[in-house]
Enquirer: 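Structure provided below as structure tokens; questions to follow.
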Amino acid sequence: MYAFLLSALGTAALLLVGYQSVNLIVRLDYSPVNSPDKRLLNWAIESVGSGPIMAVVGVAAFVLLFFFFSRRIISGLEEIAQGIERMAEGDLSHRLEVTSSDEFGQVAKGLNTMAERLEQSIAEERAAAKAKNELITGVSHDLRTPLTSILGFLEYVEKDRYQDETEMRYYVNIAYEKALMLKKLIDDLFEYTRLSGGLPVEFVPLNLGRLVHQAAEEAMPMLEAAGMSYEVTGTEDELRVNASPIELVRVFENLLSNAARYGSDGELVELDVAREGTLARVTVSNFGEPIPERDLPHVFDRFYRVDASRSQHTGGSGLGLAITRTIVELHGGTIEVFSDSDRTDFVLRLPLA
């Protein structure tokens with residue numbers, strides 16, 4: 001539209017200036033009457049007429065001016081067309097250059113945003129497919145291991161491959177323990193898929209300090225069996241958070257269970273509850289064997305075990321800490337782990353109500 005208006009105004013101005021110039025040349029007596037230029041002008045005016053001449057000159061001028069004023073528009077359209085073609089061919093990393101804030105700049109910006117979102121969506125889809133394959137692989141492996149043991153020892157009993165009743169009971173007991181391990185893995189897997197699937201969780205205001213005390217009290221038999229005790233500190237202030245009590249208790253059960261499995265050498269679990277700005281912070285510490293530095297970034301990954309043989313021996317499913325992180329993130333919080341030769345700290349933060 002701007003190019004059309006500018007071309008029309010420019011053409012009108014050129015015609016006006018040209019008309020006035022011709023009149024001036026014809027009327028002024030600056031050259032002989034029979035000069036070639038005057039004869040040519042007089043012949044053109046008398047033979048063709050000033051109207052047709054101005055029309056031809058006006059059309060030519062309008063076309064030239066329109067091309068001149070619209071060349072930037074044409075260039076922008078070509079760039080956008082080329083960009084769309086590259087994106088359509090699968091090059092979603094291509095970005096159009098935004099050089100102005102006009103309509104073309106807005107179009108380029110919109111196409112770049114669309115390409116970014118599409119690229120992100122494809123990446124998320126690929127990550128989801130990869131995670132699904134990894135989950136199936138991990139589940140298959142972790143289910144097969146105890147199931148193979150169960151079938152093996154039950155086969156001994158079924159085929160009477162034992163010397164006496166004591167040995168038979170030994171085989172049955174091992175099969176039973178493996179069955180319990182299998183049940184725990186299935187339960188953890190169900191819990192993980194339920195939480196990861198985005199099922200709704202009902203939040204209520206609750207006192208975080210009391211919840212931590214309750215979880216520690218309920219874990220006391222497990223801690224005593226591991227030769228450990230617990231200590232809760234820093235709960236003078238009432239810290240209220242919006243949370244699901246059942247899910248949040250599960251978080252502390254997992255952390256205390258992890259401490260009982262791998263921190264029993266330290267004989268103590270510390271739970272410190274404190275305010276940190278607009279957040280409530282809970283630190284669960286044990287003083288047992290440290291987590292190797294190479295394993296720290298992966299302890300919350302599915303089926304990741306710092307010590308696979310020890311985890312399987314103690315009944316670890318490799319899903320407990322993954323479930324813990326999922327629950328914490330579901331509450332809008334974060335969880336980190338720090339470990340050195342003195343202690344291992346799991347630090348979770350939740351928004352205050």
Side-chain angles (χ1 to χ4, degrees), residues 184 188 207-239 241 243 248-329 331 333-352:
K184 184 180 186 318
D188 285 349
N207 188 315
L208 186 59
R210 290 181 184 174
L211 186 79
V212 171
H213 268 291
Q214 174 189 339
E217 283 290 337
E218 293 176 357
M220 194 60 205
M222 174 183 62
L223 294 175
E224 287 181 346
M228 302 180 72
S229 61
Y230 75 87
E231 180 181 345
V232 180
T233 61
T235 56
E236 292 82 3
D237 296 335
E238 181 176 304
L239 301 180
V241 296
L248 211 52
V249 165
R250 179 69 184 269
V251 166
F252 296 114
E253 285 178 351
N254 287 343
L255 293 177
L256 290 168
S257 175
N258 186 78
R261 284 196 189 104
Y262 310 125
S264 58
D265 294 345
E267 301 180 355
L268 177 67
V269 180
E270 285 186 356
L271 299 99
D272 180 68
V273 185
R275 182 189 298 269
E276 190 177 274
T278 60
L279 301 174
R281 186 192 70 221
V282 181
T283 304
V284 181
S285 307
N286 71 76
F287 305 89
E289 185 179 346
I291 301 173
E293 187 176 352
R294 68 178 181 277
D295 295 313
L296 283 174
H298 307 289
V299 295
F300 296 106
D301 294 348
R302 290 186 310 242
F303 302 113
Y304 189 85
R305 296 185 177 93
V306 175
D307 185 340
S309 61
R310 184 177 65 175
S311 296
Q312 291 174 355
H313 178 71
T314 55
S317 66
L319 284 170
L321 291 179
I323 291 172
T324 297
R325 180 175 64 179
T326 302
I327 294 174
V328 171
E329 291 178 349
H331 286 75
T334 61
I335 185 167
E336 301 174 282
V337 60
F338 307 92
S339 186
D340 55 31
S341 58
D342 296 326
R343 59 193 291 155
T344 296
D345 297 326
F346 285 89
V347 183
L348 67 93
R349 296 176 174 86
L350 297 172
L352 287 170

Enquirer: Which residues pass the side-chain contact (heavy atoms from CB on, under 4.5 Å) test with A215, not counting sequence neighbours?
Expert: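 Applying side-chain contact (heavy atoms from CB on, under 4.5 Å) to A215 gives F252.
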Enquirer: In chain order, what residues pass the salt bridge (Lys or Arg N to Asp or Glu O under 4.0 Å) check against E276, with sequence neighbours excluded?
Expert: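 E276 satisfies salt bridge (Lys or Arg N to Asp or Glu O under 4.0 Å) with R281, R349 once adjacent residues are dropped.
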Enquirer: Can you tell me how far apart CE (M228) and CG (L268) are? Round to the nearest 0.5 Å.
Expert: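 Between atom CE of M228 and atom CG of L268 there are 7.0 Å.
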Enquirer: Given side chains that start at C-beta, do those of T324 and F346 come closer than 4.5 Å, heavy atoms only?
Expert: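 In short, these two side chains do not touch, never coming nearer than 4.5 Å.
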Enquirer: Check the pair V337 / F300 against side-chain contact (heavy atoms from CB on, under 4.5 Å), numbers first and verdict last.
Expert: CA-CA 9 Å; V337 60; F300 296 106; 4.0 Å; yes
Enquirer: Does anything in residues 264-275 form a side chain to side chain donor-acceptor pair (under 3.5 Å)? List the pairs, not counting sequence neighbours.
Expert: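 Only T233-D272 qualify under side chain to side chain donor-acceptor pair (under 3.5 Å).
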Enquirer: Measure across L352 and A280 and return the closest heavy-atom pair with its distance rounded to 0.1 Å.
Expert: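 Nearest pair, atom of L352 first, then A280: CD2-CB, 3.7 Å.
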Enquirer: Considering residues at least two apart in sequence or located in another chain, which fulfil the side-chain hydrogen bond (donor to acceptor under 3.5 Å, both in side chains) criterion with T283?
Expert: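 Partners of T283 by the side-chain hydrogen bond (donor to acceptor under 3.5 Å, both in side chains) criterion come out as none, since no residue qualifies.
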Enquirer: Applying side-chain contact (heavy atoms from CB on, under 4.5 Å) to Y262 and N286, what does each step give before you reach the verdict?
Expert: CA-CA 9 Å; Y262 310 125; N286 71 76; over 6 Å; no
Enquirer: Which residues satisfy the side-chain contact (heavy atoms from CB on, under 4.5 Å) test with D340, sequence neighbours excluded?
Expert: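 By the side-chain contact (heavy atoms from CB on, under 4.5 Å) rule, D340 matches D342, R343.
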Enquirer: Do L271 and L255 make a side-chain contact, defined as non-hydrogen atoms from C-beta onward lying under 4.5 Å apart?
Expert: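 No. Closest side-chain heavy atoms not under 4.5 Å.
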Enquirer: Show every side chain to side chain donor-acceptor pair (under 3.5 Å) that has at least one partner inside residues 215-227, sequence neighbours left out.
Expert: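 Qualifying pairs: Q214-E218, E217-Y230.
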Enquirer: Write down the atom of R250, the atom of I323, and the distance for their closest heavy-atom approach.
Expert: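 That closest heavy-atom pairing would be NH2-CD1, 3.7 Å.
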Enquirer: Go through the steps for L211 and V241 under the test side-chain contact (heavy atoms from CB on, under 4.5 Å), then give the verdict.
Expert: CA-CA 11 Å; L211 186 79; V241 296; over 6 Å; no
Enquirer: May I have the step-by-step check of side-chain contact (heavy atoms from CB on, under 4.5 Å) for L208 and L248, ending in yes or no?
Expert: CA-CA 9 Å; L208 186 59; L248 211 52; 4.0 Å; yes
Enquirer: Residues two or more places apart in sequence or in another chain: which of them pass side-chain contact (heavy atoms from CB on, under 4.5 Å) with S257?
Expert: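 If we apply the side-chain contact (heavy atoms from CB on, under 4.5 Å) test to S257, skipping adjacent residues, the hits are M222, R261.
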Enquirer: Considering non-hydrogen atoms only, spot the tightest contact between A260 and L223 and give its length.
Expert: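 Between these two residues, the closest heavy atoms are CB-CD2, 4.1 Å.
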Enquirer: How long is the straight-line distance from CG of L256 back to CE of M220, given to the nearest 0.5 Å?
Expert: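 Going from the CE atom of M220 to the CG atom of L256 covers 11.0 Å.
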Enquirer: When rounded to the nearest 0.5 angstrom, what is the spacing between CG in L348 and CD in E336?
Expert: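 Separation between the atoms: 10.0 Å.
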Enquirer: Closest heavy-atom contact between T344 and S339?
Expert: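 Minimum heavy-atom contact is OG1-OG, 2.8 Å.
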Enquirer: To check you understand the geometry: which heavy-atom pair defines the closest contact between L350 and G333, and what is its length?
Expert: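 Nearest pair, atom of L350 first, then G333: CD2-CA, 4.1 Å.
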Enquirer: I'd like to know if the side chain of H213 and the backbone of G209 have a donor-acceptor N/O pair within less than 3.5 Å.
Expert: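 No, H213 side chain to G209 backbone: no donor-acceptor pair under 3.5 Å.
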Enquirer: List the atom of V269, the atom of A259, and the distance in Å for their closest heavy-atom pair.
Expert: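 For V269 versus A259, the nearest heavy atoms are CG2-CB, 3.8 Å.
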